[in-house]
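Report on the following structure.
Naming: A, B, ... by sequence-line order, numbering from 1 per chain.
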There are 2 protein chains.
Amino acid sequence: MPDLNDQLGQQGVTLADRVFARLRQAIVEGEIPSGTKISEPELASEYGISRGPLRDAIGRLEACHLVERRPNVGARVVSLTQEDLLELYLLREALEGMAARLAAERMSGRDIDELRKLLRQHQERAELQEGIAYFQTEGDLDFHYRIIKASGNVRLIKLLCDDLYHLMRMYRFQFGMASSRALIAFREHGHIVEAIADRDPEMAELIMRRHIRSSRINVELLFDEKAPKGARATPAIRSASADSSAGAAPPL
Amino acid sequence: MPDLNDQLGQQGVTLADRVFARLRQAIVEGEIPSGTKISEPELASEYGISRGPLRDAIGRLEACHLVERRPNVGARVVSLTQEDLLELYLLREALEGMAARLAAERMSGRDIDELRKLLRQHQERAELQEGIAYFQTEGDLDFHYRIIKASGNVRLIKLLCDDLYHLMRMYRFQFGMASSRALIAFREHGHIVEAIADRDPEMAELIMRRHIRSSRINVELLFDEKAPKGARATPAIRSASADSSAGAAPPL
DNA sequence: TACCCTAATATTGTCAACAATCGGACGACA
DNA sequence: TGTCGTCCGATTGTTGACAATATTAGGGTA
């Protein structure tokens, strides 16, 4: 899963950049649970920095919709809801469908070969694990990531890869994603690549939309059998770094 | 054009909020031309505030893609390009198509009546001005705004109304939008409302997508005849508030 | 004259202290 | 006993000063 969000190489990395990247990872991977209140003095002392860059980082997290902020009250990590996840899937259906169409129009033959190679790698791993962990290994997101990049639409790429992508990862960390669809999803990926290789934009969009819609419906079913009513991921509200089991954070 | 972005009523409006709203308006309406370097000390003294909340506001502008920032160098208002505008239209085609579909599924009968009333109001104004100013008066954006809100998808609403909407307005202020399509656009709006009233989601999406696609193609033609090669809106780079003709800014 | 290196300057990034605001606890009163 | 008002503590918002970095002007050399 190389260079998912390559902020590397760009000279001049500020302190706020690093703490932002770090906080985002901590939030997405569940280290800071959703619903947690973000205490500025606490986090600042933990990271050994001032509140200035920290506030900057929190502001960016708010822009990514990873934290919610109320004036004079504070910021807290978003509470993931079933409704929001479904909305996210609807958005992806529209946006990634568009990405697939553009990719079919503009993707270079060389990149298509790369995409095929990626799928073969997934197949090797998938065969080993009998399709139980396609979503957990981020292989699914990796595939979608490439399609999006191949669309060539800068604004679309930023939107999906900088914001929605991290939210999807957060949901996957919170609710362990269903594996029942892993093999099906893998095959659908293959169909998408075929449509792109055939230079059939409408078909590529159609399959991609159906692919994401199927995922959404699968998630809906999962929710319905687990928790009939719209349930939140983390009922308990804990304070950030209340359990500093990992000790002080390493230097930025 | 009431309550386009009603931040009213929410208690606790911070200083950064106000300067953000103000800077955004100044940028969108061209008061601060695109390409302008944002000087923090300059603006801070002009607004009579410290650099802290100003930096916060600039950070939010960056999140809206209204300014671009490079570490240790500074922020400058985005340069609008032809390519970016076309990308924006493509995004809108996908997103607002989705919005129209959802609106057809979920919009209340009362809201549909409101929408019809809005169109009648537009017609009265349009008849007066013989279809020369449908875009300039923001009537077009107002209509789209309502459809988006009616979709009920919170994430979609935030994305379109908080970010893309202001960018579209900015483009309209920079390049005075074409009026040749005004009457056609108005009629297409009517067809969209009909599809929604018929509870025909697929039709609503189809018409909306064609509607936006037509706008895009119209813009493309406009560009081609005006400037054959991809040209920028503002060739000259000026410094912000270099011409403080309006004097000092009113208090926040 | 063109190029490179150096130094001055201005701007941004960061820090620590001050002011404003909110949430919760305590106590008074119906 | 329940509810309202007030006070206190803590957190956030804001400010001005300090440090680090990039841009620009100038001089020296090939």
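Within the structure, every side-chain polar atom (N or O) of A:Lys37 is placed at least 4.0 Å from both OP1 and OP2 of C:dG23.
Taking atom CZ of residue B:Arg76 and atom P of nucleotide D:dA22, one finds them 16 Å apart after rounding to whole Å. The CG atom of B:Leu54 sits 15 Å away from the C1' atom of D:dG16 (whole-angstrom rounding).
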Polar atoms only, N or O, under 3.5 Å: list the protein pairs with nucleotides 13-18 of chain C and their distances.
unit_1 : atom_1 : unit_2  : atom_2 : d
C:dG13 : OP1    : B:Asn72 : N      : 3.4
C:dG13 : OP2    : B:Arg55 : NH1    : 2.3
C:dG13 : OP2    : B:Arg55 : NH2    : 3.0
C:dG13 : O3'    : A:Thr14 : OG1    : 2.8
C:dG13 : N7     : B:Arg51 : NH2    : 2.8
C:dG13 : O6     : B:Arg51 : NH1    : 3.1
C:dT14 : OP1    : A:Thr14 : OG1    : 2.7
C:dT14 : OP1    : A:Leu15 : N      : 2.4
C:dT14 : OP2    : A:Thr14 : OG1    : 2.9
C:dC15 : OP2    : A:Ser50 : N      : 3.1

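Applying the salt bridge (charged side-chain N to carboxylate O under 4.0 Å, His left out) criterion to B:Arg216, with sequence neighbours excluded, gives B:Glu93, B:Glu220. Applying the salt bridge (charged side-chain N to carboxylate O under 4.0 Å, His left out) rule to B:Asp113 yields the partners B:Arg116; only residues at least two apart in sequence or on another chain are considered. The side chain to side chain donor-acceptor pair (under 3.5 Å) check on B:Arg106 picks up nothing, with sequence neighbours excluded. Every residue two or more places apart in sequence or in another chain that forms a ring pair (Phe, Tyr, Trp, His ring centres under 6.0 Å) with A:Tyr171 is listed here: A:Phe175. Scanning for side chain to side chain donor-acceptor pair (under 3.5 Å) contacts around A:Asp111 gives A:Ser108, with sequence neighbours left out.
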